[in-house]
**Student:** 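I'd like to ask some things about the structure below.
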Amino acid sequence: MKSEIHPTAVIDPAADIAAGVRIGPHAVVGPHVEIGEGTEIGSGAVLEGPLRLGRGNRVFAHVCLGFDPQDLKYRGERTTLEIGDRNQFREFCTVHRGTASGGGVTRIGSDGLFMVYTHIAHDAIVGDRVIFANNATLAGHVEVGDEATLGAFAAVHQFCRIGKYAYIGGVSVITQDALPFVKTVGQKPATYGINRIGLERRGFDEERLRNLERAVRILTRERLSTSSALERLRAEFPGDGDVSHLVEFIAASERGVIKSVPGAQGSRGGAADGA
């Protein structure tokens, strides 16, 4: 299938454009950019390399992908941005390449939705089937697990992790790791139990949900130290894959995890439904 490139688009000869790609008016594709089959590039979008963009992506108007990292230590080293398949980058999204000190790559999985004005900074690693609402922002070196949702204007501090299936409420400020399976909400974030609605939508049965609810209660509401809570979870849920993942996520944390509950520290965030 032949590609369709608007005559006003600017395509560098060193770009690699696969079959079936559509590139709109005034888009700019720089050298060392690879665009996979069936991808659409909207009007005024700018892609710089090294960038590898997979199949079936939709890049809307004025998106900027693969620009230099916003890091004062960056000195022009060759770093990359790698993006999977079937993502949607809505208007004015920005995603930057990695830094040499951070591993050299920013990586995004497949089937994600990145709404208007979202930003993904250098060296971030983002999983599959994520949703970023308008203006959600990642600082550098952030990790976001599969199936996570970030609400509008949520901001994540550098080196933090967002667990898989997590729900981050709108206007939340995340300065520690946000637990997988859990709703984390607020400018002084608190946890609001498991992301039940989101997990149900993703096929979790009632037994899995009950076990996760019990595990999160032990972790957040029984006034145990983190180490004591993890020991109890290991003892009470042997062989439970979801709880094991929760335990491993917490045990691997370097910044600490958010596990306070509403009212414990005057959190301003209200309860939020899962997504």
Side-chain angles (χ1 to χ4, degrees), residues 1-6 9 11 15-24 27-30 32-67 80-98 105-121 123-138 142-152 154 162-168 180 195 198-204 274-275:
M1 184 167 51
K2 188 176 181 180
S3 295
E4 299 179 18
I5 300 176
H6 194 276
I11 312 297
D16 184 356
I17 312 297
V21 171
R22 299 175 61 186
I23 301 179
V28 179
V29 179
H32 312 298
V33 173
E34 302 175 31
I35 303 178
E37 182 176 343
T39 289
E40 299 180 23
I41 308 298
S43 60
V46 183
L47 280 60
E48 294 188 355
L51 161 63
R52 185 167 71 243
L53 186 61
R55 297 183 175 188
N57 291 286
R58 295 191 67 192
V59 178
F60 284 73
H62 305 293
V63 169
C64 294
L65 301 179
F67 279 38
T80 63
L81 169 61
E82 299 178 358
I83 297 173
D85 304 327
R86 299 176 302 279
N87 294 288
Q88 295 187 53
F89 296 94
R90 296 306 305 252
E91 299 84 341
F92 300 99
C93 286
T94 52
V95 186
H96 292 167
R97 302 193 318 279
V105 61
T106 301
R107 183 175 292 114
I108 296 174
S110 297
D111 299 299
L113 171 58
F114 303 91
M115 298 186 195
V116 172
Y117 284 105
T118 58
H119 174 66
I120 298 174
D123 305 295
I125 305 297
V126 179
D128 298 331
R129 298 176 298 281
V130 300
I131 298 174
F132 284 40
N134 298 342
N135 291 91
T137 298
L138 304 185
V142 169
E143 297 180 18
V144 179
D146 295 346
E147 312 272 3
T149 297
L150 276 69
I162 307 297
K164 69 179 184 179
Y165 298 103
Y167 178 90
I168 307 302
N195 179 18
L199 296 174
E200 287 174 346
R201 289 173 179 169
R202 290 161 174 82
F204 280 58

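Reckoned from all heavy atoms, side chains included, excluding hydrogens, waters and symmetry mates. Quick note: residue numbers are just sequence positions, from 1.
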**Student:** Provide the closest heavy-atom pair for G24 versus H6 in the form atom of the first, atom of the second, distance.
**Tutor:** C-CB, 3.7 Å

**Student:** Quick one about T94 and H119 (side-chain donor to acceptor, distance below 3.5 Å, no hydrogens or angles considered), yes or no?
**Tutor:** yes

**Student:** Measure the shortest side-chain to side-chain distance between E91 and H62 over non-hydrogen atoms and say whether it is less than 4.5 angstrom.
**Tutor:** no

**Student:** Which pairs pass side chain to side chain donor-acceptor pair (under 3.5 Å) with one or both residues in residues 39-48, sequence neighbours excluded?
**Tutor:** none

**Student:** CZ of R129: more than 12 outside heavy atoms within 6.0 angstrom?
**Tutor:** yes

**Student:** Which residues satisfy the salt bridge (Lys or Arg N to Asp or Glu O under 4.0 Å) test with R90, sequence neighbours excluded?
**Tutor:** none

**Student:** Tell me the closest heavy-atom pair linking G36 and A18, and the distance in Å.
**Tutor:** C-CB, 3.7 Å

**Student:** Any idea which heavy atoms bring G98 and T106 closest together, and the distance?
**Tutor:** N-OG1, 3.3 Å

**Student:** E147 and side-chain hydrogen bond (donor to acceptor under 3.5 Å, both in side chains): which partner among R202, R201, K164?
**Tutor:** R202

**Student:** For I17, what residues pass the side-chain contact (heavy atoms from CB on, under 4.5 Å) criterion, not counting sequence neighbours?
**Tutor:** S3, I11, A15, V21, I23, V29, I35

**Student:** Would you say R97's side chain and L81's backbone share a donor-acceptor pair under 3.5 angstrom?
**Tutor:** no

**Student:** Work out which heavy atom in A133 is nearest to a heavy atom in A152; give both atom names and the distance.
**Tutor:** CB-N, 3.4 Å

**Student:** V95 versus F114: any side-chain heavy-atom pair under 4.5 Å?
**Tutor:** no

**Student:** Measure the spacing between CG of D111 and CD1 of I131 and express it to the nearest 0.5 Å.
**Tutor:** 11.0 Å

**Student:** Pick one: which of T149, I108, I168, L138 meets side-chain contact (heavy atoms from CB on, under 4.5 Å) with V144?
**Tutor:** L138

**Student:** Just verifying a value: how many Å separate F89 CZ and L53 CG, rounded to the nearest 0.5 Å?
**Tutor:** 7.0 Å

**Student:** Using atom types as modelled and distance alone, determine if a side-chain donor or acceptor of N134 lies under 3.5 Å from a backbone N or O of V116.
**Tutor:** yes

**Student:** Which class fits the ring pair Y165 and F204: parallel under 30°, tilted 30 to 60°, perpendicular over 60°?
**Tutor:** perpendicular

**Student:** Is it true that, when you exclude R22 itself, more than 12 heavy atoms of the residues, nucleotides or ligands shown sit nearer than 6.0 Å to its CZ?
**Tutor:** no

**Student:** If you measure from CG on L65 to CG on N87, what distance do you get to the nearest 0.5 Å?
**Tutor:** 10.0 Å

**Student:** Report the distance from atom SG of C93 to atom CD of Q88, rounding to the nearest 0.5 Å.
**Tutor:** 10.5 Å

**Student:** List the atom of I41, the atom of A27, and the distance in Å for their closest heavy-atom pair.
**Tutor:** CG2-CB, 4.1 Å

**Student:** Of the non-hydrogen atoms in V130 and F132, which two are nearest, and what is the gap between them?
**Tutor:** CG2-CE1, 3.8 Å

**Student:** Does CZ in F67 sit with more than 12 non-hydrogen atoms of other residues, nucleotides or ligands closer than 6.0 Å?
**Tutor:** yes

